[in-house]
Amino acid sequence: MTTTRRRILGGLVALAAAIAGTTVPVAHAAAAARTRSVIPFDQGWLFHYGDASGAQAPTYVDTAWRHVDVPHDWSIEGPNPPADPFSSTAPSTGRGGYLPSGIGWYRKHFSLTVASTRKVFVEFDGVMANAAVYVNGTLIGTHPYGYTSFRYDITAAAKFGGADNVIAVKTDTTQQPAERFYAGAGIYRDVRLLATDPVHVDQWATYVTTPQVSTSAATVHAQTTVVNGGSAAASVSVQGVLSDPAGTALPAVTTAAKTIAAGGSATFAYDVPVGNPKLWDLKTPNLYALTTSVQVGGTTVDDDVTSVGIRSLTFSPSAGMLLNGKAVKFQGVALHQDYHGLGLAAPQRAMQRRLAELKALGVNAIRTAHDPPSPAFLDLADRMGFFVLDEFFDVWIQHKYADVGDYAAYFGKAAPAPTGTPAVPGASGSVPWYQVDATSIVMRDRNHPSVAMWSTGNEIRDSLATRTPLLARMVSISHALDPGRPVTQALFRPSDSGDVTGATRTTVDVFGGNYRSDEVIQAMGMSPARAGLFTEMGTATSSWATVTGNPGVTGEFLWTGADYLGEADGLWPTVQGTSGLMDAVGTVRPIGYSWQKVWGASTTTPPATGTTASKVVAAADHTTVSTDVNDVSYVKATVTDSSGRVVTGSSAPVVFGITGPGVIVAVDSGSPTEESFRGNTRKAYQGIAYALVRATGPGTVTVTASSAGLTAGLATLTGTTSPFVACTGSCD
């Protein structure tokens, strides 16, 4: 099931700590009435930087801790905002953007008024990193990888009947360097509570495919696993109701009943025929919704809601990639997950803005370099019409550099129970973390129509002999859980590394390689032939002729779509990479306009430039902004001449002010140089700075932007308590 913080899919669990005022409408009419309770758990947390002895205990005194909402990336703001968090001596080094690392604690008080017969789970979309989760002082589980989601059953540790509960989460990024790029810190993605009947759909167990697709008819095939966590056997059936993009429900399909013993499980499968389907594609990303209801004795006790994109996607060495029977290429870019001044804790609105900017350049595909994205990001990719290359890991057993805290520290280590994720297919007993994480990535993300392929890793440096069985295991896991979706890998010097003539070429479904397009083409033509993919290329437009000149090449991903923090070792005070088609706040570079023409997007032009600064012009990209943590408005301050032309040579400090029911979440610019993102002042970069604003209530919000010697600018926004609603198609 896909859930994000923009949705409460029904049911209510009373929480002492604050979801008041955040109730939001469902994304689809089919999800309006729910039996399962899915409750956002993002608001009302307390945060402490540094270790805190005994902080897991419910009696721990946390009154001095700072109030925060999650998603929250404490590293990007630093331990003492608005002080500059960057340091040339940071243990993260320039690879981590010279930003702070260490231990951070989170605590949240909440109450439960549901019946004690319910099962209660807490689900994290991502915690960076080495999360240890406690409920009322009991250690529930630990999870090292910061990019994968996990869910814990907290029923036994929780107190019902309205009593005070305390959840405490310790995060630890002390071991540095940890990545070759900025990775954030803290509970940087969404959290939710789930309350279910003991007889319920298992974690990420619903799997939906569309094996038969045409413009006149389609078949939606669904399977799900129901677990019986009760004390007695139950006669269980499953009913599926598919609703079209307008919310109209198709006839229900009900399976035969099965008896599930206490502590047991059973898998159910069914087909839903669809006449004249509205297909999902890149231009019209139509989404259906499938409600899978668990029935015991004819009464619905649990349900699961899954977004469905009806589409066919095939790959072949002769035709390349076909979407709904039509040839299409990945016009792709790689993206790291930071959003500059927001770090990794990006509101969905910031993600939406970036995707819309890239779509305007002709981009139709995102490679999630080099780790799995958030469910919120994939929801947007589904809605906006993007392909996604969903990547597992940046390293396997061998570190790329001296990054002792990267995923190689956990890859082959045995995962202790509970893992917070479903069982690894074909495994028994203890399994290594890489198998646990690969399983969770595929099961969580496999229903997204945007996900075109899996990538098992990026430029893995282990020897071929070491890599071969590991790759084979990841491919087998992917195929077992998601047989219809191909697996690739972003290979490093594939000819030199033995991948062209070795086992790699026939283990992956699509042969992928970075920068060496000729080696990819060579491997594609060897028997048995494979489709190919340029998983990473520079931004020179000359490579596109090679893509279009080879039908079996499915496309390419440029490095990169937008600038990102990190990969700046030894470059202080530069703290980021600058290879994007856009800078970190969305200003398009000349190469971005070049690709826009190559990819056939509607042509846009850069703004006119001036030389003598006269004034600051302020404008909000969205003049209505919500209190919803998923929303933010980018107020742009442009240093211009008297005619309104941007003075790109200006680096004047811009001071932002705000009045009314609003708050400045961050200040930002495209500058690659260290400078705090907190406070109210930001130096213009090429004449532009931003204030990122969120409402604190309804009413008029006024933002001023001033700089010494220049006429000040003003932007007016309307604050609202209405929930953020993600857009669809080419939007924002």
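Numbers here are sequence positions counted from 1. For clarity, every value in this text was computed on a predicted model and none was experimentally measured.
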Heavy-atom check, side chain of Phe511 versus side chain of Met526, under 4.5 Å: no
Spell out, as yes or no, whether a donor-acceptor pair under 3.5 Å connects the side chain of Gln337 to the backbone of Pro372. yes
Is a side-chain donor or acceptor of Lys329 paired with a backbone partner of Val553 at a separation under 3.5 angstrom? yes
Quick test of your reading of the model: are Asp509 and Arg485 salt-bridged, counting only N-O distances below 4.0 Å? no
Strictly below 4.0 Å, N to O, side chains only: are Asp563 and Arg589 in salt-bridge contact? yes
Heavy-atom closest pair, residues Ser478 and Val487: CB-CG2, 3.6 Å
For Leu378 and Ser450, what are the C-alpha separation, side-chain angles and deciding distance, and is it a side-chain contact (heavy atoms from CB on, under 4.5 Å)? CA-CA 7 Å; Leu378 291 178; Ser450 59; 4.2 Å; yes
Test item: Gln212 side-chain N/O and Thr219 main-chain N/O as donor-acceptor pair under 3.5 Å: no
Verify whether one side chain among Ser374 and Arg189 offers a donor that lies under 3.5 Å from an acceptor in the other. no
So how far is it from Phe393 CZ to Gln489 CD, rounded to the nearest 0.5 Å? 11.0 Å
Which pair of heavy atoms, one from Gly343 and one from Asp73, lies closest together, and at what distance? CA-OD2, 3.5 Å
Please list, chain by chain and in numerical order, all residues satisfying ring pair (Phe, Tyr, Trp, His ring centres under 6.0 Å) with Phe150, sequence neighbours excluded. Phe124, His143, Tyr152
In terms of heavy-atom contacts, Met321 and Thr554 come closest through CE-O, 3.8 Å
Phe181 and His336 aromatic ring geometry - parallel, tilted or perpendicular at 30°/60° bounds: parallel
Using side-chain heavy atoms (C-beta onward) and a distance below 4.5 Å, is Val253 in contact with Asp271? no
Given the options Leu344, Asp437, Asp394, Asp125, Tyr147 meets side-chain contact (heavy atoms from CB on, under 4.5 Å) only with Leu344
Does the side chain of Met453 come within less than 4.5 Å of Leu533's, by heavy atoms? yes
Donor-acceptor under 3.5 Å (Thr210 side chain, Arg311 main chain): yes
Go through the steps for Glu391 and Asn458 under the test side chain to side chain donor-acceptor pair (under 3.5 Å), then give the verdict. CA-CA 8 Å; Glu391 197 151 73; Asn458 171 66; 5.4 Å; no
Tell me whether Asn630 contacts the main-chain N or O of Phe724 through its side chain, where contact means a donor paired with an acceptor under 3.5 Å. no
Measuring from atom OG1 of Thr421 to atom OH of Tyr145, what distance do you get when rounded to the nearest 0.5 angstrom? 13.5 Å
Check whether the ring centres of Tyr407 and Tyr434 lie less than 6.0 Å apart, and answer yes or no. no
Could you measure the distance from the CE atom of Met443 to the CD atom of Gln203? Nearest 0.5 Å is fine. 7.5 Å
Shortest non-hydrogen separation from Pro277 to Ala218 and the atoms involved: CG-CB, 3.8 Å
Can a donor-acceptor pair be found between the side chains of His340 and Gln576 at a distance below 3.5 Å? yes
From CA spacing to verdict: side-chain contact (heavy atoms from CB on, under 4.5 Å), Ile521, Thr546: CA-CA 10 Å; Ile521 293 172; Thr546 307; 3.7 Å; yes
Taking the side chain as everything from C-beta on, heavy atoms only, tell me whether Lys278 gets closer than 4.5 Å to Tyr288. yes
Among Leu491, Val520, Thr507, side-chain contact (heavy atoms from CB on, under 4.5 Å) partner for Asp499: Leu491
With Phe534, which residues qualify under ring pair (Phe, Tyr, Trp, His ring centres under 6.0 Å), at least two apart? none
Asp371 side, atom CG; Phe392 side, atom CZ - distance, nearest 0.5 Å: 12.0 Å
Can you list every salt bridge (charged side-chain N to carboxylate O under 4.0 Å, His left out) pair that touches residues 539-548, not counting sequence neighbours? none
Non-hydrogen side-chain atoms of Pro347 and Leu342 separated by less than 4.5 Å: yes
Show your reasoning for whether side-chain contact (heavy atoms from CB on, under 4.5 Å) applies to Asn514 and Phe492. CA-CA 6 Å; Asn514 288 4; Phe492 176 67; over 6 Å; no
Is there a donor-acceptor pair closer than 3.5 Å between any side-chain N or O of Arg530 and the backbone N or O of Ala523? no
Would you call Arg151 and Trp204 a side-chain contact if the rule is heavy atoms closer than 4.5 Å? yes
Hey, can you tell me if Phe330 and Phe557 have their rings parallel, tilted or perpendicular (30° and 60° cut-offs)? tilted
CZ of Arg353 to SG of Cys727: how many Å apart, nearest 0.5 Å? 13.0 Å
For residues Asp303 and Ser293, is any side-chain donor paired with an opposing acceptor at under 3.5 Å? no
Donor-acceptor contact below 3.5 Å, side chain Gln596 vs main chain Ala360: yes
Polar side-chain atom of Asp390 near backbone of Trp454 as donor-acceptor pair, under 3.5 Å: no
Test your reading of the model: is there a side-chain donor-acceptor pair from Thr728 to the backbone of Met384, 3.5 Å cut-off? no
Glu556 versus Ser543, side-chain donor and acceptor atoms under 3.5 Å: yes
Main chain of Asp244, side chain of Asn286: is a donor-acceptor contact present, judged purely on distance under 3.5 Å? no
Any Lys/Arg nitrogen of Asp621 or Arg349 sitting under 4.0 Å from an Asp/Glu carboxylate oxygen of the other? yes
Are any of the side-chain heavy atoms of Arg354 and Leu335 separated by less than 4.5 Å? yes
Evaluate side-chain contact (heavy atoms from CB on, under 4.5 Å) for Arg694 paired with Asp628, printing each intermediate quantity in order. CA-CA 8 Å; Arg694 179 178 295 128; Asp628 189 339; over 6 Å; no
Can you give me the closest heavy-atom contact between Ile76 and Tyr182, atom names plus distance? N-OH, 3.1 Å
In terms of relative ring orientation, are Trp599 and Trp595 parallel, tilted or perpendicular, with 30° and 60° separating the classes? tilted
Decide yes or no for Asn447 and Tyr207: does some side-chain heavy atom of the first lie under 4.5 Å from some side-chain heavy atom of the second? yes
Which pair of heavy atoms, one from Thr506 and one from Pro528, lies closest together, and at what distance? CG2-CD, 3.9 Å
Side-chain donor-acceptor contact under 3.5 Å, Glu536 with Tyr515: yes
Let me confirm one number: the OG1-NZ distance from Thr604 to Lys597, rounded to the nearest 0.5 Å. 9.5 Å
